[in-house]
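Have a look at the structure below before the remarks.
What you see below is based on every heavy atom in this structure, not just the backbone, and it leaves out hydrogens, waters and symmetry mates.
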Amino acid sequence: MSDEGSELEISSGKQTVDPIKSFLSGGFGGISCVLVGHPFDLTKTRLQTAAPGTYSGAVDVVRKTIAQDGIRGMYRGITPPILGVTPIFAISFWGYDLGKRIVYSLTPNRTSQTLSISELAFAGGFSAIPATLVAAPAERVKVLLQVQGQGGSSLYTGPIDVVRKLYAEGGLRSLFRGTIATLARDGPGSAVYFATYELLKKQLSSSPETLPNGEKAPAPPLSLPAIMAAGGTAGVAMWSLAIPPDTIKSRLQSAPHGTYAGFMDCARKLIAADGVTALWKGFGPAMARAFPANAATFVGVELSLKAMEKLW
């Protein structure tokens with residue numbers, strides 16, 4: 001499953017994947033990500049949105065959540081990402097492949113079909129645009145379900161109830177609150193995410209051997225540990241950049257209607273109340289989640305691509 005693997009369009013030498021396969025593989029990767037990462041994500045969101053003094057840290061969040069709701073409590077709000085993650089990740093990986101195709105279309109006279117890191121970063125950043133259309137409302141529902149119960153009361157009975165009440169409150173505008181914040185998080189984050197993965201994937205799959213004619217020997221298939229290392233590191237790189245806009249997004253999406261005028265107003269009020277360090281709330285759980293969840297993502301993507309290549 002190296003860059004020279006059969007799932008790529010070898011005939012043209014381009015680093016692109018069949019659009020249907022890129023879409024489906026992203027869905028498999030996303031489901032893998034949620035199953036591994038949701039408890040970490042819940043911990044991060046509660047730290048980001050709780051009133052000062054509610055929790056002493058990530059471990060305290062876990063302890064209090066389990067004490068109140070049991071292990072099941074760590075999976076509060078998992079239905080929206082499970083239902084939404086397939087289209088979100090599918091669109092993201094499809095959008096990434098589309099972004100690479102755009103690069104090729106804009107550089108018809110290029111001498112090498114190998115994309116540079118900056119070109120891969122552009123494609124990654126581009127992927128966030130179509131993905132945000134699905135991710136923003138799904139994140140809004142997820143965040144509201146994750147934060148409820150912290151004060152002992154629950155406003156919503158489930159995802160459908162959240163959607164119904166949000167629409168009654170302010171129509172689609174309410175449901176899509178936090179869209180700009182989601183794009184501010186995922187645009188730069190996805191650029192770093194995909195570029196880091198491709199860079200490490202290339203390094204881990206490159207062959208040091210040289211054939212008698214002077215050319216390098218074909219790269220061996222990328223191993224499962226290598227995929228996990230590249231994917232996990234890509235996740236850490238992304239979340240190192242994405243935490244501040246993610247904190248603002250969580251505050252925007254969980255606050256009562258009228259609390260904030262928008263992204264910048266939320267950032268300004270958050271910093272004024274709790275200092276600039278408030279933008280980094282949830283950093284520990286996000287980092288703890290980043291490696292295993294994104295290692296699982298790319299294992300799901302690469303293995304599903306390999307399976308689909310055998311099927312058709």
Side-chain angles (χ1 to χ4, degrees), residues 1-10 14-38 40-41 81-101 115 117 119-121 123-132 134-135 138 186 189-205 219-239 242 289-312:
M1 289 175 285
S2 66
D3 282 345
E4 293 78 19
S6 57
E7 70 270 14
L8 300 181
E9 293 183 353
I10 303 303
K14 295 180 179 179
Q15 293 174 263
T16 51
V17 181
D18 177 89
I20 295 176
K21 292 178 182 177
S22 66
F23 185 86
L24 293 176
S25 67
F28 281 112
I31 292 171
S32 302
C33 178
V34 171
L35 292 177
V36 172
H38 189 78
F40 297 97
D41 189 58
I82 282 289
L83 296 178
V85 80
T86 300
I88 290 170
F89 273 72
I91 292 170
S92 178
F93 277 81
W94 170 83
Y96 174 53
D97 189 69
L98 179 60
K100 290 190 284 187
R101 292 174 187 273
L115 297 175
I117 293 300
E119 290 171 330
L120 292 168
F126 175 84
S127 73
I129 298 174
T132 295
V134 178
D186 292 348
S190 295
V192 171
Y193 185 59
F194 284 106
T196 300
Y197 179 73
E198 295 286 5
L199 177 63
L200 292 177
K201 179 181 175 181
K202 182 178 180 180
Q203 292 178 342
L204 292 171
S205 64
L222 201 60
S223 67
L224 198 60
I227 294 171
M228 294 173 68
T233 303
V236 170
M238 173 186 174
W239 281 103
R289 171 188 180 275
F291 194 95
N294 290 285
T297 297
F298 279 100
V299 167
V301 168
E302 296 283 4
L303 292 184
S304 61
L305 278 174
K306 188 174 182 179
M308 284 186 284
E309 185 60 28
K310 292 180 178 179
L311 292 173
W312 82 87

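- Looking at every heavy atom in both residues, Phe298 comes nearest to Gly231 through CD1-CA, 3.5 Å.
- Contact check for Glu198 versus Lys100: side-chain heavy atoms found under the 4.5 Å cut-off.
- Note that CD1 of Ile227 is 13.0 Å distant from CG of Leu200, once rounded to the nearest 0.5 Å.
- Here the side chain of Ser22 pairs a donor or acceptor atom with the backbone of Pro19 at under 3.5 angstrom.
- Asp186 is linked by a salt bridge (Lys or Arg N to Asp or Glu O under 4.0 Å) to nothing, counting only residues two or more places apart in sequence or in another chain.
- Side-chain contact between Arg289 and Trp239 is present, with at least one heavy-atom pair separated by less than 4.5 Å.
- With contacts defined as side-chain heavy-atom distances shorter than 4.5 Å, the pair Phe28/Val301 does not qualify.
- Put simply, CZ on Phe126 and CG on Asp97 are 11.0 Å apart, with the number rounded to the nearest 0.5 Å.
- Interatomic distance, Ile88 CD1 to Leu83 CG, rounded to the nearest 0.5 Å: 10.0 Å.
- The CG atom of Leu98 sits 12.0 Å away from the CD1 atom of Ile91 when rounded to the nearest 0.5 Å.
- Of all heavy-atom pairs spanning Ser127 and Ser92, the tightest one is CB-O, 3.2 Å.
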- Run the side-chain contact (heavy atoms from CB on, under 4.5 Å) check on Leu24 and Leu305 step by step: do they pass? CA-CA 8 Å; Leu24 293 176; Leu305 278 174; over 6 Å; no
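- Phe194 and Phe93 have their aromatic ring centers within a separation under 6.0 angstrom.
- Looking at every heavy atom in both residues, Ala293 comes nearest to Gly37 through CB-CA, 4.0 Å.
- Contact between Gly30 and Val85 at its shortest, heavy atoms only, is O-CG2, 3.4 Å.
- Expressed to the nearest 0.5 Å, how far OG of Ser25 lies from CH2 of Trp94 amounts to 13.5 Å.
- Of the inter-residue distances, the one linking Thr196 atom OG1 with Ile117 atom CD1 reads 8.0 Å to the nearest 0.5 angstrom.
- Judged purely by distance below 3.5 Å, without hydrogens or angles, the side chains of Asn294 and Tyr193 pair a donor atom with an acceptor atom.
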